[in-house]
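What's counted below: heavy atoms across the whole structure, side chains too, no hydrogens, waters or symmetry copies. Positions are given from 1 along the sequence. Quick caveat: nothing in here was measured; it's all calculated off a predicted structure.
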Amino acid sequence: MPVRSATAEWQGNLANGSGKVSSESGHLTGAYSFPSRFETGNGTNPEELIAAAHAACYSMALSHALSQAGHVPESVQTEAKVHLEKGEAGFSIVRIELLCEARVSGLDDASFQTHAEGAKEGCPISRALASVEISLEARNVGG
(Lines give C-alpha, C1' and ligand atoms only; values in the text may rest on other atoms or scores of the structure.)
Protein backbone atom coordinates (compact mmCIF):
# COMPACT_ATOMS: atom_id res chain seq x y z
CA MET A 1 0.00 0.00 0.00
CA PRO A 2 1.23 3.52 -0.66
CA VAL A 3 2.59 5.80 2.03
CA ARG A 4 1.20 9.35 1.87
CA SER A 5 3.02 12.41 3.14
CA ALA A 6 2.72 16.10 3.73
CA THR A 7 5.13 18.73 4.95
CA ALA A 8 4.79 21.75 7.17
CA GLU A 9 7.19 24.50 8.10
CA TRP A 10 6.74 27.03 10.90
CA GLN A 11 8.83 30.18 11.22
CA GLY A 12 8.93 32.38 14.29
CA ASN A 13 7.23 32.15 17.65
CA LEU A 14 3.73 30.80 18.23
CA ALA A 15 1.80 34.06 18.42
CA ASN A 16 3.51 35.97 15.61
CA GLY A 17 4.99 33.25 13.42
CA SER A 18 3.62 31.75 10.26
CA GLY A 19 3.65 28.45 8.50
CA LYS A 20 3.06 26.69 5.21
CA VAL A 21 1.68 23.22 4.69
CA SER A 22 1.51 21.11 1.54
CA SER A 23 0.65 17.58 0.53
CA GLU A 24 2.95 15.44 -1.60
CA SER A 25 0.51 15.65 -4.53
CA GLY A 26 0.48 19.44 -4.34
CA HIS A 27 -3.32 19.52 -4.29
CA LEU A 28 -3.42 20.73 -0.70
CA THR A 29 -1.29 23.76 0.05
CA GLY A 30 -1.80 26.67 2.32
CA ALA A 31 -0.56 29.10 4.87
CA TYR A 32 -1.42 28.86 8.54
CA SER A 33 -0.89 31.06 11.56
CA PHE A 34 -1.92 31.56 15.16
CA PRO A 35 -4.98 33.59 14.07
CA SER A 36 -6.05 30.97 11.49
CA ARG A 37 -5.86 28.26 14.12
CA PHE A 38 -7.02 29.82 17.37
CA GLU A 39 -8.98 32.86 16.19
CA THR A 40 -10.70 33.71 12.89
CA GLY A 41 -7.74 34.69 10.72
CA ASN A 42 -7.11 33.80 7.09
CA GLY A 43 -5.41 30.53 6.23
CA THR A 44 -5.80 26.89 7.04
CA ASN A 45 -5.05 24.96 10.23
CA PRO A 46 -4.36 21.37 11.29
CA GLU A 47 -7.91 20.83 12.55
CA GLU A 48 -9.42 21.90 9.21
CA LEU A 49 -7.12 19.44 7.44
CA ILE A 50 -8.19 16.65 9.82
CA ALA A 51 -11.83 17.57 9.10
CA ALA A 52 -11.24 17.37 5.34
CA ALA A 53 -9.52 14.01 5.66
CA HIS A 54 -12.25 12.61 7.88
CA ALA A 55 -15.09 13.85 5.66
CA ALA A 56 -13.44 12.38 2.55
CA CYS A 57 -12.65 9.05 4.19
CA TYR A 58 -16.13 8.66 5.68
CA SER A 59 -17.85 9.47 2.37
CA MET A 60 -15.79 6.81 0.62
CA ALA A 61 -16.34 4.25 3.41
CA LEU A 62 -20.12 4.72 3.37
CA SER A 63 -20.25 4.60 -0.43
CA HIS A 64 -18.30 1.33 -0.36
CA ALA A 65 -20.48 -0.23 2.37
CA LEU A 66 -23.68 0.69 0.53
CA SER A 67 -22.33 -0.55 -2.80
CA GLN A 68 -21.23 -3.85 -1.27
CA ALA A 69 -24.81 -4.29 0.00
CA GLY A 70 -26.19 -3.70 -3.50
CA HIS A 71 -27.25 -0.08 -2.99
CA VAL A 72 -24.86 2.05 -5.04
CA PRO A 73 -25.36 5.64 -3.87
CA GLU A 74 -25.88 8.49 -6.28
CA SER A 75 -23.90 10.66 -3.86
CA VAL A 76 -22.54 10.83 -0.32
CA GLN A 77 -21.71 14.27 1.06
CA THR A 78 -20.12 14.61 4.49
CA GLU A 79 -19.14 17.57 6.62
CA ALA A 80 -16.77 16.98 9.54
CA LYS A 81 -16.65 19.50 12.38
CA VAL A 82 -13.51 19.22 14.50
CA HIS A 83 -13.87 20.85 17.93
CA LEU A 84 -10.67 22.28 19.42
CA GLU A 85 -10.93 23.37 23.05
CA LYS A 86 -8.54 24.62 25.67
CA GLY A 87 -8.42 22.60 28.87
CA GLU A 88 -6.11 22.34 31.85
CA ALA A 89 -3.51 20.42 29.81
CA GLY A 90 -3.72 22.83 26.86
CA PHE A 91 -5.53 22.61 23.54
CA SER A 92 -7.12 19.31 22.50
CA ILE A 93 -9.47 18.01 19.87
CA VAL A 94 -12.39 17.01 22.05
CA ARG A 95 -14.93 15.78 19.52
CA ILE A 96 -15.73 15.43 15.85
CA GLU A 97 -19.20 15.67 14.37
CA LEU A 98 -19.87 13.91 11.08
CA LEU A 99 -22.90 15.27 9.24
CA CYS A 100 -23.75 13.16 6.21
CA GLU A 101 -26.36 13.44 3.51
CA ALA A 102 -26.55 10.56 1.06
CA ARG A 103 -28.75 9.94 -1.93
CA VAL A 104 -29.50 6.21 -2.10
CA SER A 105 -32.60 4.75 -3.74
CA GLY A 106 -34.53 1.75 -2.45
CA LEU A 107 -33.10 1.57 1.07
CA ASP A 108 -35.11 1.89 4.29
CA ASP A 109 -33.83 4.18 7.03
CA ALA A 110 -32.94 1.44 9.51
CA SER A 111 -30.71 -0.30 6.96
CA PHE A 112 -29.19 2.99 5.90
CA GLN A 113 -28.37 3.89 9.52
CA THR A 114 -26.76 0.49 10.06
CA HIS A 115 -24.47 1.05 7.05
CA ALA A 116 -23.79 4.65 8.12
CA GLU A 117 -22.76 3.62 11.63
CA GLY A 118 -20.65 0.74 10.31
CA ALA A 119 -18.84 3.10 7.95
CA LYS A 120 -18.09 5.44 10.86
CA GLU A 121 -16.55 2.57 12.82
CA GLY A 122 -14.66 1.16 9.83
CA CYS A 123 -13.36 4.37 8.26
CA PRO A 124 -9.53 4.40 8.62
CA ILE A 125 -9.54 8.04 9.75
CA SER A 126 -12.19 7.29 12.40
CA ARG A 127 -10.05 4.40 13.64
CA ALA A 128 -6.97 6.64 13.75
CA LEU A 129 -8.92 9.19 15.80
CA ALA A 130 -10.50 6.60 18.12
CA SER A 131 -9.45 8.52 21.25
CA VAL A 132 -11.80 11.36 20.24
CA GLU A 133 -15.59 11.28 20.58
CA ILE A 134 -17.06 10.99 17.07
CA SER A 135 -20.77 11.57 16.57
CA LEU A 136 -22.72 10.90 13.39
CA GLU A 137 -25.87 12.40 11.95
CA ALA A 138 -26.68 10.68 8.66
CA ARG A 139 -29.69 11.10 6.36
CA ASN A 140 -30.69 9.39 3.18
CA VAL A 141 -32.50 11.94 1.03
CA GLY A 142 -32.95 9.53 -1.86
CA GLY A 143 -35.21 7.02 -0.07
Side-chain angles (χ1 to χ4, degrees), residues 1-107 109 111-142:
M1 296 300 294
V3 174
R4 305 295 185 207
S5 68
T7 59
E9 179 182 8
W10 185 262
Q11 296 178 344
N13 66 22
L14 178 62
N16 299 310
S18 63
K20 292 182 182 177
V21 63
S22 63
S23 64
E24 69 180 318
S25 68
H27 285 90
L28 295 172
T29 60
Y32 66 109
S33 64
F34 185 92
S36 73
R37 187 166 192 197
F38 300 109
E39 298 168 354
T40 56
N42 292 329
T44 190
N45 56 70
E47 293 73 28
E48 179 179 66
L49 299 172
I50 289 171
H54 204 175
C57 186
Y58 179 78
S59 290
M60 290 179 76
L62 179 55
S63 178
H64 177 67
L66 292 166
S67 296
Q68 291 292 102
H71 301 283
V72 177
E74 181 181 321
S75 65
V76 176
Q77 181 176 339
T78 306
E79 177 183 12
K81 295 183 177 184
V82 174
H83 294 260
L84 180 70
E85 294 181 8
K86 187 174 183 179
E88 290 181 19
F91 286 96
S92 297
I93 294 173
V94 296
R95 74 181 182 281
I96 299 171
E97 297 172 72
L98 295 175
L99 308 168
C100 177
E101 185 173 286
R103 188 170 299 281
V104 189
S105 298
L107 186 63
D109 189 59
S111 296
F112 174 76
Q113 294 300 327
T114 297
H115 290 297
E117 197 58 43
K120 182 187 90 168
E121 300 304 320
C123 160
I125 300 295
S126 290
R127 289 198 312 261
L129 300 171
S131 65
V132 176
E133 174 193 341
I134 301 170
S135 65
L136 172 65
E137 182 182 316
R139 311 185 299 139
N140 178 11
V141 297

| request: Begin with the C-alpha distance, continue with both residues' side-chain angles, and end with the deciding distance and a verdict on side chain to side chain contact (heavy atoms under 4.5 Å, CB included) for R4 and E24. | output: CA-CA 7 Å; R4 305 295 185 207; E24 69 180 318; 3.5 Å; yes
| query | Taking C-beta and beyond as the side chain, do L84 and F38 meet within less than 4.5 Å on heavy atoms? | reply |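 Sidechains of F38 and L84: in contact.
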Between the main-chain N or O of [Y] and the side-chain N or O of [X], is there a donor-acceptor pair closer than 3.5 Å?
X: R103; Y: P73; result: no
X: S36; Y: Y32; result: no
X: Y58; Y: A116; result: yes
X: S126; Y: E121; result: no
X: E47; Y: R37; result: no

| query | So does N13 have more than 12 non-hydrogen atoms from other groups sitting under 6.0 Å from CG? | reply |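 More than 12 heavy atoms, drawn from other residues, nucleotides or ligands, come within 6.0 Å of this atom.
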Between atom [atom1] of [X] and atom [atom2] of [Y], what is the distance when rounded to the nearest 0.5 Å?
X: T29; Y: K20; atom1: OG1; atom2: NZ; value: 10.0 Å
X: Q113; Y: L107; atom1: CD; atom2: CG; value: 9.5 Å
X: E85; Y: H83; atom1: CD; atom2: NE2; value: 8.0 Å
X: I96; Y: I50; atom1: CD1; atom2: CD1; value: 7.0 Å
X: K120; Y: L62; atom1: NZ; atom2: CG; value: 12.5 Å
X: T78; Y: M60; atom1: OG1; atom2: CE; value: 11.5 Å

Closest non-hydrogen atom pair between [X] and [Y], with its separation:
X: S59; Y: Q77; result: OG-C, 4.2 Å
X: G17; Y: W10; result: C-CZ2, 3.5 Å
X: A69; Y: H115; result: CB-CE1, 3.5 Å
X: A80; Y: L98; result: CB-CD2, 3.8 Å
X: H54; Y: C123; result: CD2-SG, 4.1 Å
X: F112; Y: R139; result: CE2-C, 3.5 Å

| said: Can you confirm whether the side chains of S33 and S18 place a donor and an acceptor under 3.5 Å from each other? | reply: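 Their side chains do not contain a donor-acceptor pair, so the 3.5 Å distance test is not met.
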